[in-house]
Visitor: 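Before anything else, here's the structure in question.
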Amino acid sequence: MNRQSNIQSKAGTKNSCIDSCIMEGYNYAYLDEQTKRMIRRTILKAVAIPGHQVPFGSREMPLPYGWGTGGMQITASLIGSKDILKVIDQGADDTTNAVSIRRFFSRTAGVLTTTRTQEATLIQTRHRIPETHLIKDQIIIYQVPIPEPLRFIEPRDKEVRRMHALKEYGIMYVKLYEDIARHGRIAKAFDYPVLVNGRYIMSPSPIPKFDNPKMNRMPALQLFGAGREKRIYAVPPYTEVKSLDFDDYPFEVERWPLCCALCGSDSSYLDEIILDDKGSKLFVCSDTDHCNKRVDKGYRGNQEKPVQEAKTCIRTGERKCA
Amino acid sequence: MCMKDSNHIPLLKVKSISKYYGRRIGCRKIDFELWPGEVLGIVGESGSGKTTLLNCISGQMEPSEGAVWYAGNGGVIDMCAAPEPQRRLAMRTEMGTVYQNPRDGLRMHISAGGNIGERLMANGLRHYGKVRRKALNWLEKVEIDSERIDDIPVTFSGGMQQRLQIARNLVTNPRLVFMDEPTSGLDVSVQARLLDLLKGLVTELDLSMVMVTHDLAVTRLLAHRLIVMKDGEAVESGLTDQVLDDPQHPYTQLLVSSILHP
Ligand SMILES: Nc1ncnc2c1ncn2[C@@H]1O[C@H](COP(=O)(O)OP(=O)(O)OP(=O)(O)O)[C@@H](O)[C@H]1O
Ligand SMILES: [Mg+2]
Ligand SMILES: [Zn+2]
């Protein structure tokens, strides 16, 4: 793997003529300029009211709803020729969806793309926040299927808006109460609701709750786009984002019995991989860039390390596996 | 001093409330006052405007004209004109509403404990253990087996659902409770127990209450004063015993005689 840089452009060189890269017959970044201006205005409004969902005139994109059309419209409206785009799907840069969105923007906007989190200026994501800390001037764009955290209890849009406006959020805590009463703990593992800036309850899209703490006071701008539901919302840099919980049942992130089998990381979100019929499994980082970077630096995991041994690690309070 | 003051002004002052549904009259020019600790019964036949009036004075429906002054903990507010946040805050902290149909007043797919706990959590309680203890406590008060705390109301009998509604409303110690036919649709024996329970709670908690019913026996048991409605208007009002024992208006006389000779 290329250690120096993972930046790719269609022409193969970093600063080749943008025009020659862009597909003919399409507007820059696919959407027409008027639509992009409308979406930018929506984004500005969303940034001004952290966590508040702003409706927008969602356009058709050349892929079906549910494939990230909301995120793509935000990306299309913001992306400039100097931007460097990273797209992840469940943490991976190399899934079909991530690859095709990346290719889409490299063709329609002629931008450079990368798999490296720290090199990207724009990161469009489905279901994860990168492990690498995002910094000032980066923008992360979440693809959101269901933007409304109150929808489960109240199907009427008008009533939901009223609940947000009056900050009537008791029902969200009822949901947590029900979880604890039934399961002995808060069972929600994805799309775990948060309170933004002490004001609006927001659905963070189906990221694992593991990623929730990363949203808190993140230096990067966070934008959320729901294409089918026609909503955009935002968390401006350094904004407080608090996961809902009870004093006696505080918010906790998930833990794993093993470290990453590839890079030995004990602090990243791990995917479980079943190895055979006998149920042997190992855990690897869901963030492929993070994992590769560690392996490149010389970190190693231990694939043979059985779950048993790692459990001992936890019991002694040590989470060292490598 | 506060206590003294609050006993010298009515808790609720209803001033010439009218509600028109297009050209049809819901209720017309209703005036009354409700004093702290008082239970007011609103009686009348079906369609006489009882529910309309109750909805107007409890902040759930906008009247066509008139005003409702509520002397709450945060001072006197006009329930028809105050900003919505202020009104809704008063409604969820100091007031309660028990609906005729439990479906309107309960979350049918949330456990009994969650139903009781909702107002506590809406008002800022962020401690599961405390919510749970309060819920158990209130289940006991309304005579629902504590074993049922994690069951959902669809598995409850009609009487239990009404008692759960009452618990859900009273858990935050409201000062004022509105009830719309809380006992209709229940068996006579279940009705009697619910009324006993209500009577006990009203005294114990020093509740003020406006209760709509078409059952004069219910008002005899619970209400200090009565308003008799017909065709949207209040045709007679006064102390319960006076109205029932010596009705002045022909319509009230008819109502009273109809329960004496069923
Ligand atoms: N939403 C509405 N639209 C139009 N007319 C209505 C509406 N609600 C009530 N009304 C009318 O207003 C009048 C008073 O109705 P209301 O429901 O207040 O009576 P009620 O005394 O509560 O009757 P009941 O004992 O049957 O519950 C009736 O003539 C009724 O038809
Ligand atoms: Mg009615
Ligand atoms: Zn790894």
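Naming: A, B, ... by sequence-line order, numbering from 1 per chain.
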Visitor: Only one of Phe190(A), Phe251(A), Tyr192(A), Trp256(A) forms a ring-ring contact (aromatic ring centres under 6.0 Å, His included) with Phe210(A), so which one is it?
Guide: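 Only one option passes, and that is Trp256(A).
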Visitor: Between Tyr249(A) and chain B, which part of the residue has a heavy atom less than 4.5 Å away: side chain, backbone, both or neither?
Guide: side chain
Visitor: Select, from Arg126(B), Arg132(B), Met121(B), the one with the greatest count of heavy-atom pairs under 4.5 Å involving chain A.
Guide: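 Among the listed options, the one with the most contacts to chain A is Arg126(B).
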Visitor: State plainly whether the residues Glu118(B) and Arg107(B) are in salt-bridge range, i.e. N to O under 4.0 Å.
Guide: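 Yes.
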Visitor: Who among Lys167(A), Arg182(A), Glu178(A) has the most heavy-atom pairs with chain B under 4.5 Å?
Guide: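 Answer, by heavy-atom pair count under 4.5 Å with chain B: Glu178(A).
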Visitor: Centroid separation under 6.0 Å, is that true for the rings of His127(B) and Phe246(A)?
Guide: no
Visitor: What residue in Pro85(B), Ala122(B), Gly129(B), Ser111(B) has the most heavy-atom pairs under 4.5 Å with chain A?
Guide: Ser111(B)
Visitor: Taking all non-hydrogen atoms of both residues into account, name the closest pair between Ser265(A) and Cys285(A) and its distance.
Guide: CB-SG, 4.1 Å
Visitor: Who among Arg88(B), Arg119(B), Lys130(B) has the most heavy-atom pairs with chain A under 4.5 Å?
Guide: Arg88(B)
Visitor: We want to know whether Ser58(A) and Gln73(A) form a side-chain donor-acceptor pair, criterion being a heavy-atom distance below 3.5 angstrom.
Guide: yes
